[in-house]
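First the structure, which I've put down as structure tokens, then a few questions once you've had a look.
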Amino acid sequence: MVIVYEIIKLLTFPGALLKGFLEHLFCRIYKVPVEYSDYMQRNELCGHVEHLLAPKKGSFGICFGPHLIMLLLGLVIAFPGAVQLFYLGTFSWLSVILLYVGVSFLTNCFPLVEDALNMWEHLFSAESKTVSKVLLAVPAAVMYAGSYLERYGISLLTSLAFAYVLPWIVAFFVG
């Protein structure tokens, strides 16, 4: 599975590079030491930076901050290309490029499994407050499940499927 993971990371290199940069940035914001900052490695850290496990607030911030930015950018960039290709049925190279970059951002938006486990452990520890457990349970569960999807290369398939149905979802809500 590591080979599939590496191939997907190389195919979606714009998202992997931006994800590594954002993870590095959020490690700096939460003052978590980064051990190795090569974004495109030939192992399971491809698209991520190697850092120490974050303390309480930092564990959720390092997982959720880059995830939210990558998700929003992926949706905004993939939407015009998906509308033109799938909803309107017209072809242009710009829409293909937009769809490719958007899907690469969506594919790489989840944290590492170790970071997700650390976040989950800090969120549901005895010291954390009940309010934070209730408010952050759903985003934490999404990131936890997504980290496993990314590890096994399934996030590319889910991103492609989501980009395909995105125009119909927006059309349903807009009218």
Side-chain angles (χ1 to χ4, degrees), residues 1-2 4-6 8-9 12 14-37 39 41 43-79 101-166 169-170 173:
M1 289 315 274
V2 175
V4 173
Y5 178 80
E6 288 178 13
I8 289 173
K9 288 293 186 172
T12 62
L17 288 173
L18 183 62
K19 171 67 175 173
F21 171 74
L22 289 173
E23 205 170 276
H24 196 161
L25 180 69
F26 275 85
C27 283
R28 294 278 184 152
I29 290 171
Y30 287 102
K31 296 177 177 51
V32 174
V34 174
E35 294 177 355
Y36 190 65
S37 64
Y39 301 150
Q41 302 176 37
N43 56 21
E44 68 275 354
L45 288 174
C46 186
H48 300 281
V49 292
E50 187 174 354
H51 58 84
L52 299 178
L53 289 178
K56 297 177 185 175
K57 284 185 203 175
S59 65
F60 188 80
I62 289 174
C63 291
F64 188 70
H67 171 75
L68 184 65
I69 293 170
M70 294 290 289
L71 180 68
L72 292 176
L73 281 175
L75 291 174
V76 167
I77 293 173
F79 180 70
V101 172
V103 166
S104 73
F105 286 174
L106 291 173
T107 302
N108 293 292
C109 71
F110 295 109
L112 279 173
V113 174
E114 291 81 14
D115 290 338
L117 288 172
N118 183 41
M119 172 199 60
W120 194 263
E121 183 179 309
H122 283 299
L123 183 62
F124 291 105
S125 67
E127 301 93 38
S128 66
K129 298 177 184 175
T130 306
V131 175
S132 65
K133 289 179 185 178
V134 170
L135 292 177
L136 302 177
V138 173
V142 167
M143 287 184 287
Y144 185 73
S147 65
Y148 279 104
L149 290 176
E150 185 177 322
R151 172 181 264 183
Y152 296 114
I154 303 170
S155 64
L156 177 64
L157 299 175
T158 58
S159 298
L160 286 169
F162 187 70
Y164 179 75
V165 299
L166 182 62
I169 293 171
V170 173
F173 286 112

- Task: With sequence neighbours excluded, give me every ring-ring contact (aromatic ring centres under 6.0 Å, His included) pair touching residues 127-149.
- Result: Trp120-Tyr144, Tyr144-Tyr148
- Task: Kindly check if the number of other-residue, nucleotide or ligand heavy atoms within 6.0 Å of NZ (Lys133) is above 12?
- Result: yes
- Partners meeting side chain to side chain contact (heavy atoms under 4.5 Å, CB included) with Cys109 (sequence neighbours left out): His67, Met70
- Taking the side chain as every heavy atom from C-beta outward, state whether Met119 and Phe64 have any atom pair closer than 4.5 Å. no
- Message: Can you confirm whether Asn118 sits close enough to Ile62 that some side-chain heavy atom of one is under 4.5 Å from a side-chain heavy atom of the other?
- Response: no
- Gly61 and Pro66: which non-hydrogen atoms are nearest, and at how many Å? O-CD, 3.7 Å
- Message: Between Asn108 and Thr12 (side chain of the first, backbone of the second, donor and acceptor by atom type, cut-off under 3.5 Å), is there such a pair?
- Response: yes
- Would a distance-only check, ignoring hydrogens and angles, find a side-chain to backbone donor-acceptor pair under 3.5 Å from Ser155 to Thr107? yes
- Query: Considering all heavy atoms of both residues, which atom of Pro111 and which atom of Ser147 are nearest to each other, and what is their separation?
  - Reply: O-CB, 3.1 Å
- Query: Is there side-chain contact between Leu75 and Phe79, with heavy atoms separated by less than 4.5 Å?
  - Reply: no
- Query: Mind checking whether Glu23 and Val34 have side chains closer than 4.5 Å, heavy atoms only?
  - Reply: no
- Would Phe21 and Leu17 satisfy side-chain contact (heavy atoms from CB on, under 4.5 Å), going step by step from the backbone distance to the final call? CA-CA 6 Å; Phe21 171 74; Leu17 288 173; over 6 Å; no
- Item | Minimal non-hydrogen separation, Asn43 against Tyr5, with atom names | O-CE2, 3.7 Å
- Query: At their closest point, which heavy atom of Leu123 faces which heavy atom of Leu136, and how far apart are they?
  - Reply: CD2-O, 3.7 Å
- Query: Can you find a heavy atom in the side chain of Val103 that is under 4.5 Å from one in the side chain of Leu156?
  - Reply: yes
- Charged N-O contact under 4.0 Å between Glu44 and Lys9: no
- Message: Would Phe105 and Leu72 count as a side-chain contact (heavy atoms from CB on, under 4.5 Å) here? Give the steps.
- Response: CA-CA 9 Å; Phe105 286 174; Leu72 292 176; over 6 Å; no
- Query: Quick one: are Lys56 and Ser128 in side-chain contact, heavy atoms under 4.5 Å?
  - Reply: no
- Task: Return yes if a side-chain donor-acceptor contact under 3.5 Å exists between His48 and Glu150, otherwise no.
- Result: yes
- Note on the structure: Distance col, row Glu127:CD vs His122:NE2, nearest 0.5 angstrom, shows 9.0 Å
- Taking it one step at a time, do Leu106 and Leu73 satisfy side-chain contact (heavy atoms from CB on, under 4.5 Å)? CA-CA 8 Å; Leu106 291 173; Leu73 281 175; over 6 Å; no
- Query: Taking the side chain as C-beta and beyond, is there a heavy-atom pair between Tyr39 and Val49 under 4.5 Å?
  - Reply: yes
